[in-house]
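Worth knowing before you read on, the calculation uses all heavy atoms, side chains too, and leaves out hydrogens, waters and symmetry mates. So you know, we letter chains A, B, ... as the sequences are listed, proteins then strands, and number each from 1.
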Amino acid sequence: MFGLDKKDFNLFLVVAAMALLAPFILNPFPTDSALAQFNAGYPDLMQRFVIFGIFAIGFNILFGLTGYLSFGHAAFLGVGSYSAVWVFKLLGMNVLPAIALSVVVAGLFALLIGFVSLRRSGIYFSILTLAFAQMSFNLAYSVLTPITNGETGLQLTLNDPRILGSSATADGSIPVTNLLPGLEIRSAYDLVIGPWSFTFNVGYYLCALFLLLAFYLSVRIFRSPFGMMLRAVKSNQQRMHYTGLNTRPYTLAAFVISGMYAGLAGGLMASMDPLAGAERMQWTASGEVVLMTILGGAGTLIGPVLGAGFIKYFENIFSKINDNVLHGWFAFMPDGLEDFIVTIIHPFIGKGWHLTLGILFMLVVIFLPGGLVEGGQRIAKMFRKKSEGTDTHVDAKHPAE
Amino acid sequence: MGILEVKDVNKRFGGLQALGNVNLSVEENTCHAIIGPNGAGKSTLLNCLIGKLIPDTGSVMFDGQSVLGRTPYQICQMGISRVFQTPEIFGDLSVLENMMIPIFAKRDGAFELNALSNVFGQRDILEQAEKMLEEMNMADKRHMHAASMSRGDKRRLEIGMCLSQQPRLLLLDEPTAGMARADTNNTIDLLKQIKDERDITIAIIEHDMHVVFSLSDRITVLAQGTPLVEDTPDKIKGHPKVREAYLGETA
């Protein structure tokens, strides 16, 4: 269906259901319960899940298929954000032209950087992309201040022309981003069922639709002759050359496509909250998408989305647990023991969430080299073995699953 | 004039004269073997033919066109396919996909952004690949991971991949190196069959004399970068110069 085979279509349906029902799935605990802090179903965080999911899906088209590890993908995200904010400043507050421009600009920027960086492979390619990204970051931070507003970051002001909109609203404030005239990105509807509360936000659903589009395209690319050639690049470039194929345009196309995905993510980020700062281009941001892809499973279809969700959940939920919360949980214990346990756990929560994430990342890479997807596959296999006995058939037609 | 004409080719690596005035002519639809002791320059010569190395002087003409200055993929598109000493296949892909890639390359050229159609929806390519696998007796292995096959099967797949592009010249670089006896014999049989059934020119570099004498129509003996003799296998066998090059002067 839609050019996908049955297995891929089912996977797509699962992703679609997860994305569209996220406000329910991520808010399993009643609002006033002690576990409510594990709820992730608020618009801001859901948007981040989805935007970084798009970013990681795009990164995976380059890294997962061709094996070229780019350490500078955040540069494209940053460029996308800046382009979008400029559209809001000059043109108007509708997000669609902003998103379109951010994809185009990021694509052109990726063409330039890819053209140079792809002359080398392996570690040299990684270093070249890292150098370009850091160059972009530093330029945005200092020299290019007229375009990027340097340290402060690019923001909307009351003096922006906005030729298709208005510089200021009737009550004198800066206008907000909208999808259609009158349909603001930030507008939301709260559904209250008993003790539960679910928020449906326009911005989130816009991001979710783009995620589904991005995911669908990535499935098509994975299953296409182009995708097969990219896997062949990863497998054996020598044989490709002696088969009459030029690897350079293949890798460059993959690089530009993944740069455009990053630009889309950046444009969406700016559409949700119209500002852009240089820190979005920093190497830590580039490293994050590498972690997401590897954690979820590089070269798999769904892995990058899982990895992005996993990391963003940790960043936003674990970092909020503090000692007071812990004392609350362990209040049933004798005082001495309670303090002892809280002291032990303390480094892993709050500001120490990076430590927990780092340990989990190491465990996944060591025990599940295929990422979270491999974990899922192993569990599924265990169940299948129990129910079917000896069936160990592996479908080699889809090694990239 | 032969399909492949090598004229006065010289190649120097620093102080080492790897190739000195090599002249070679390979006739169409024959099997031409290049033999010689270690360090004779066989691999260097081969690398000059396929664009991996550029000779210092001399010319290499394939079917009336110079191959010098062309990249490996352009030379491949002229109709020269190469089989490597260690089989070079796409280890991470399935056998069927391995076979489809050269057919795609033959149809679509060096680059084609075909990103939205399904690989297995390309009927014509799939059929050709399946047919080639049948010919190679590998149809039952089509869904196997290519890297997990035996050396002999990898070689068979690699030769099949080359043949699927219908090359006019097939270059084989020690195709049986490091193979078990049974695999070697299978490979010889396969190559004989290819030679008999197809309009194809084969140039082969080989150490194993058994392979050389069972396949070739003509043999060039290379020693220290220069062709020593060129003749039919029967004459080469008893040639004193060849014995000298292989066994040393006292023999």
**Item:** Between Gln238(A), Met240(A), Arg248(A), the one whose heavy-atom pairs under 4.5 Å with chain B are most numerous
**Value:** Gln238(A)

**Request:** Search all heavy atoms of Leu245(A) against all heavy atoms of Gly109(B) and return the closest pair with its distance.
**Result:** CD2-O, 3.7 Å

**Engaged part of Ala253(A) at the chain B interface, taking heavy atoms whose separation is under 4.5 Å** = side chain

**Asn236(A) (side chain) donor-acceptor with Ile89(B) (main chain) under 3.5 angstrom** = yes

**Message:** Need one label for Lys52(B): side chain, backbone, both or neither, based on atoms under 4.5 Å from any heavy atom in chain A.
**Reply:** both

**Request:** Among the options Arg142(B), Arg82(B), Gln165(B), pick out the one with the most heavy-atom pairs lying under 4.5 Å from chain A.
**Result:** Gln165(B)

**Request:** Rounded to the nearest 0.5 Å, what's the gap from CZ on Arg220(A) to OG on Ser117(B)? Could you check?
**Result:** 8.0 Å

**Item:** Interchain contact, Ile80(B) with chain A, by part (heavy-atom threshold 4.5 Å)
**Value:** neither

**Message:** Between Glu88(B) and Arg239(A) (side chain of the first, backbone of the second, donor and acceptor by atom type, cut-off under 3.5 Å), is there such a pair?
**Reply:** no

**Asked** Take atom CG in Asp124(B); do more than 12 heavy atoms of anything else shown fall under 6.0 Å from it?
**Response** yes

**Complete:** So CD of Glu112(B) and CG of Asn246(A): to nearest 0.5 Å the spacing works out to 13.5 Å

**Asked** Which atom pair, heavy atoms only, marks the closest approach of Gly244(A) to Cys76(B)?
**Response** N-SG, 3.2 Å

**Prompt:** Do any of residues 150-163 of chain B have a heavy atom less than 4.5 Å from a heavy atom of chain A, and if so, which, in residue order?
**Reply:** Glu158(B), Met161(B), Cys162(B)

**Asked** Is the number of heavy atoms from other residues, nucleotides or ligands under 6.0 Å of Arg107(B) CZ greater than 12?
**Response** yes

**Message:** I need the minimum non-hydrogen distance between Gly91(B) and Ser235(A), along with the two atoms involved.
**Reply:** N-OG, 3.0 Å

**Request:** Measure the CG-CZ distance between Leu116(B) and Phe226(A) for me, rounded to the nearest 0.5 Å.
**Result:** 10.0 Å

**Message:** Any heavy-atom pair between the side chains of His241(A) and Thr71(B) that's under 4.5 Å?
**Reply:** no

**Request:** Pick whichever of Thr247(A), Ile221(A), Val219(A), Thr243(A) has the most heavy-atom pairs under 4.5 Å with chain B.
**Result:** Thr243(A)

**Request:** State whether the number of non-hydrogen atoms from other residues, nucleotides or ligands found under 6.0 Å of Phe13(B) atom CZ is greater than 12.
**Result:** yes

**Message:** Counting only heavy atoms from other residues, nucleotides and ligands, does the tally under 6.0 Å from CD1 of Ile123(A) exceed 12?
**Reply:** no

**Request:** For residues Ala110(B) and Tyr250(A), report the shortest heavy-atom separation together with the two atoms involved.
**Result:** O-CE1, 3.4 Å

**Message:** Before you tell me yes or no, could you show the steps for Ile101(B) and Met229(A) under side-chain contact (heavy atoms from CB on, under 4.5 Å), namely the whole-Å CA-CA distance, both residues' side-chain angles and the distance that decides it to 0.1 Å?
**Reply:** CA-CA 7 Å; Ile101(B) 286 175; Met229(A) 294 299 179; 4.0 Å; yes

**Message:** Tell me whether the count of non-hydrogen atoms from other residues, nucleotides or ligands lying under 6.0 Å of CZ in Phe132(A) goes above 12.
**Reply:** yes

**Message:** When you compare the side chain of Tyr242(A) with that of Pro72(B), does any pair of heavy atoms fall below 4.5 Å?
**Reply:** yes

**Request:** List the steps and the verdict of side-chain contact (heavy atoms from CB on, under 4.5 Å) for Ser224(A) and Asn114(B).
**Result:** CA-CA 7 Å; Ser224(A) 71; Asn114(B) 193 351; 5.7 Å; no

**Interchain contact, Gln122(B) with chain A, by part (heavy-atom threshold 4.5 Å)** = side chain

**Asked** Can you tell me how far CE of Met228(A) sits from CG of Asn118(B), rounded to the nearest 0.5 angstrom?
**Response** 10.0 Å

**Flag if over 12 foreign heavy atoms under 6.0 Å of CG, Leu13(A)** = yes

